[in-house]
Amino acid sequence: QVQLVESGGGLVQAGGSLTLSCAASGRTFSSYAMGWFRRAPGKEREFVAAIDRIGRSTLYADSMKGRFTISRDNAKNTVYLQMNRLNPEDTAVYYCNGATTYAIYLRGSTGNSWGQGTQVTVSS
């Protein structure tokens, strides 16, 4: 299991941008596929994006595709989520997730490693 800590959340106006970071501990970060999920009040956890261990392949939920970009820097043990054209419906706690294989995300599931989340609030 990899330890994950998210940062970069905050308050932003509709149409604005934020970049979230997820810092991982240990020397095995590059062996993990990574994902971002979010949870809004009254809603179940929702898949946002995923990336394979080397950054070759990415996956996005339809509502995020074209607005959000997931990337990683294995030298920094960090995965990022660049969020553009935010709207109030994007308001949620965003969680970083680590999985042993990218296929886990392709199957609609999650890995076992979770960060504590970072709050993103988009005002209208």
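Numbers here are sequence positions counted from 1. Worth knowing before you read on, the calculation uses all heavy atoms, side chains too, and leaves out hydrogens, waters and symmetry mates.
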[Y] and [X], any side-chain heavy atoms less than 4.5 Å apart:
X      : Y      : answer
Leu20  : Val120 : yes
Leu106 : Leu59  : yes
Gln82  : Leu18  : no
Ser113 : Gln3   : no
Leu81  : Met83  : yes
Leu86  : Gln13  : no
Glu6   : Gln119 : no
Tyr60  : Arg67  : no

Specify the closest pair of heavy atoms between [X] and [Y], including all atoms of both residues, with the distance to one decimal.
X     : Y     : answer
Cys96 : Val79 : SG-CG1, 3.6 Å
Gly35 : Ile70 : CA-CD1, 4.5 Å
Lys43 : Arg39 : O-CZ, 3.4 Å
Ala23 : Thr78 : CA-OG1, 4.3 Å
Ala14 : Pro88 : CB-CD, 4.1 Å

Practice task
Tell me, please, whether Phe47 has Arg38 positioned over its six-membered ring: NZ or CZ under 6.0 Å from the ring centre and within 45 degrees of its axis?
Solution key: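 Arg38 over Phe47 ring: no.
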Same cluster or not: [X] versus [Y], using hydrophobic residues (I, L, V, M, F, W, Y) connected whenever any side-chain heavy atoms lie under 4.5 Å apart?
X      : Y     : answer
Tyr102 : Val48 : no
Trp36  : Tyr80 : no
Val5   : Val2  : no
Tyr95  : Ile51 : no

Practice task
May I ask you to decide if Gly9's main-chain N or O and Thr118's side chain share a donor-acceptor pair within less than 3.5 Å?
Solution key: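 The answer is yes, because a donor-acceptor pair under 3.5 Å joins these two groups.
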Handout entry: Main-chain N/O of Asn77 paired to Asn74 side chain as donor or acceptor, under 3.5 Å
Key = no
Practice task
Measure centre to centre between the rings of Phe37 and Trp114, then say whether the value is under 6.0 Å.
Solution key: yes
Exercise for the section: Would you please say whether a donor-acceptor pair under 3.5 Å links the side chains of Asn84 and Ser17? Expected result: yes
Handout entry: Between Tyr105 and Asp52, a side-chain donor and acceptor under 3.5 Å
Key =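 No pair is found: no donor N or O on one side chain lies under 3.5 Å from an acceptor on the other.
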Problem - Criterion side chain to side chain contact (heavy atoms under 4.5 Å, CB included) on Arg72 and Phe29, from CA distance to verdict - result: CA-CA 10 Å; Arg72 67 190 297 160; Phe29 174 71; 3.3 Å; yes
Practice task
Mark yes when over 12 heavy atoms from residues, nucleotides or ligands other than Arg53 sit less than 6.0 Å from its CZ; otherwise mark no.
Solution key: no
Practice task
Please indicate whether Asn112 has more than 12 foreign heavy atoms, meaning atoms of other residues, nucleotides or ligands, lying under 6.0 Å from its CG.
Solution key: no
Exercise for the section: Can you spot which of Val122, Thr91, Thr121 makes a side chain to side chain contact (heavy atoms under 4.5 Å, CB included) with Val12? Expected result: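 By the side chain to side chain contact (heavy atoms under 4.5 Å, CB included) criterion, Val12 pairs with just one of Val122, Thr91, Thr121: Val122.
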Handout entry: Atom pair OG/CG of Ser63 and Asp90 - distance to nearest 0.5 Å
Key =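 Output value for this atom pair is 7.5 Å.
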